[in-house]
2 protein chains.
Amino acid sequence: MTNQQAVLDLLDIVEYGGCAEPERFFALMRRTFNIAHLLYLEAEPLSDGLKVCRLHHTFGAYAAEIYLSRGLYRIDPILKLALGGVRPVEWATARRRFPECEPLFEAAEEIGLSTEGVALPLPSPAGRLALLAISANMSPAEWATYRRCHLRDFQLAANLFHASMLEHSAMAGALDERDLRLTGRETEVLTWSAAGKSYWEIATILGISERTVRFFMTNARRKLNVVSNTQAVAQAVRHALIPTI
Amino acid sequence: MTNQQAVLDLLDIVEYGGCAEPERFFALMRRTFNIAHLLYLEAEPLSDGLKVCRLHHTFGAYAAEIYLSRGLYRIDPILKLALGGVRPVEWATARRRFPECEPLFEAAEEIGLSTEGVALPLPSPAGRLALLAISANMSPAEWATYRRCHLRDFQLAANLFHASMLEHSAMAGALDERDLRLTGRETEVLTWSAAGKSYWEIATILGISERTVRFFMTNARRKLNVVSNTQAVAQAVRHALIPTI
DNA sequence: AATTAAACTGTCACTATCGACAGTTACATG
DNA sequence: CATGTAACTGTCGATAGTGACAGTTTAATT
């Protein structure tokens, strides 16, 4: 059993921002728990697959090479289950339920990687998906006991680390968007436009002239560097410039 | 300190499906931890607000009445932070950061509810948001110690309960998603429209007639239940139906 | 006192969009 | 073979959006 005090300390460190770099977080996790490997993935679903936004792991270049060159991502049920669901995905369970993914686990055994682990789905902003996978070099029985005891620690640590990662990228992105600041009226007309209102309707709602609505909308388009109201609204929603709630 | 064995037992019960009903989960949580109240919310962001998909709580009818009649949901920073973010939201921190939400906390104190608590964002399928809020009748100092020890339990229990809720409604909810499923072409024209392209441009890009672009767009508008391309794109971006460019 | 930013308004001409009309073709599923 | 679904197309008329022209007013900052 792992030292409970060390676990709580780890959670404090991750929560209060001491682990915004994946390497430090991974190292801290491996030091505190009996973890073999970690993998953090942030992706965006596309119609024809997944766009990987962030990927950090400890499996090494050789394992990554094999995973990619053999096209194992195409049959990986853990990816699909964890990114498409909410419940922690047990590797062994996925292996049993999807016999077609055997090549993946065989490849793992071939290069000496553990096949016991769990993938934790993480809450993400709209349109994003994320997971943290954790594996350990243990027998199935050992892993079951270990997992029962520490899944809660993994889940919270994963959530907090993920939050740090997102906030860090928000800082970096904030500089780019310094001139993207919209005025109150610009935000209002965009919001109503996103709600399907026409210029005339927005003018009536805001108690101003239709021309003025067009004026704000034109300014918003110019600031967002787009050519249509539709594109402006798409950008505004993506950058959370107009309220979702 | 709470009995660790009881905590692990609770997590087992929630994980293995023993707590698909909110009342049983809430009761089990209150029995295991020193929790005053719980609130589970599942919602969908809309252009003109928030559509509540599921709401279960232990605050009682009187508190709900006050919350709604005074319009406190409009100033509630916890809702916004937890549904819009990833990090656990500490009630006291939200109160300090958003002085305009004082009426909310004053109302809570008025009817004898605790103002110490935390709201946990939960991972959700595309276009959905969810949170579990937990409060305790403790002094700030007690709460800090208690939270440090049990946040991991709350987080994992919340995730597992949320997963049960989603899986239970998977059958019923499948009907809603079927209507909202866009075809490949509908997704394509929406994507290009969100990129600022006109019908003529999209037609040229896809190598089809302008009329056909309009056909797909009309179908998309109908499925999304909106009145303009702009609103359709806003919805599609929010529901992650089209890829980010 | 000068400057700046935001909020506001009008008109003209052109293009884009949208709803309603009425179809064809291809492919899979029962 | 019927049924359904997706992909496709044409035309008309009404409404909405877009850019370029040329301004006023108010409030805060320098």
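Lettering follows sequence order; numbering is per chain, from 1.
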Whole-Å distance between C:dA20 C1' and B:Met217 CE? 18 Å
Just the rounded figure in Å: distance from C1' of C:dA16 to CD of B:Glu210. 9 Å
Between the protein and nucleotides 11-15 of chain C, which nitrogen or oxygen pairs come in under 3.5 angstrom?
unit_1: C:dT11; atom_1: O4; unit_2: A:Arg211; atom_2: NE; d: 3.1

Mapping A:Phe215 and A:Glu201 to their closest nucleotides on DNA chain D, which lands nearer the 5' end? A:Glu201
Give a yes or no answer on whether the side chain of B:Gln231 reaches the backbone of A:Ala195 with a donor-acceptor pair at less than 3.5 Å. yes
Without decimals, in angstroms, what is the distance between A:Lys223 NZ and C:dA6 C1'? 9 Å
For A:Glu188 and C:dA7, give me the distance from atom CD to atom P, rounded to whole Å. 9 Å
Expressed as a whole number of angstroms, how long is the span from A:Asn229:CG to C:dT17:P? 11 Å
Determine the contact category for A:Tyr199: base if any of its heavy atoms lies under 4.0 Å from a base atom, sugar-phosphate if only primed atoms, P, OP1 or OP2 are that close, otherwise nothing. base
Below 4.0 angstrom, N of the basic side chain to O of the carboxylate: do B:Arg147 and B:Glu90 qualify? yes
Would you say the ring centroid of A:Tyr40 lies under 6.0 angstrom from that of A:His162? yes
So, OP1 or OP2 of C:dG10: does either fall under 4.0 Å of a side-chain N or O from A:Ser209? yes
Hey, which sits more toward the 5' end of DNA chain D by its nearest nucleotide, A:Thr218 or B:Val213? B:Val213
Between B:Arg70 and B:Pro103 (side chain of the first, backbone of the second, donor and acceptor by atom type, cut-off under 3.5 Å), is there such a pair? no
Report the C-alpha separation of B:Glu100 and B:Lys80 in whole Å, then their side-chain angles, then the decisive distance to 0.1 Å, and conclude whether the salt bridge (Lys or Arg N to Asp or Glu O under 4.0 Å) test is met. CA-CA 14 Å; B:Glu100 68 273 19; B:Lys80 218 178 67 176; over 6 Å; no
Length of the CZ-P vector between B:Phe216 and C:dT17, whole Å: 16 Å
Thinking salt bridges, do A:Arg214 and A:Glu186 make one under a 4.0 Å N-O criterion? no
Under 4.0 Å between a side-chain nitrogen and a carboxylate oxygen: does that hold for B:Lys197 and B:Glu210? no
Any salt bridge linking A:Arg95 with A:Glu109? Criterion: basic side-chain nitrogen under 4.0 Å from a carboxylate oxygen. yes
Heavy-atom contact window of chain B on DNA chain D, given 5' to 3' at under 4.0 Å: D:dA6 to D:dC12
Just by distance, do the side chain of A:Thr93 and the backbone of A:Val89 share a donor-acceptor pair under 3.5 Å? no
In whole angstroms, how far is the P atom of C:dT17 from the NZ atom of B:Lys197? 12 Å
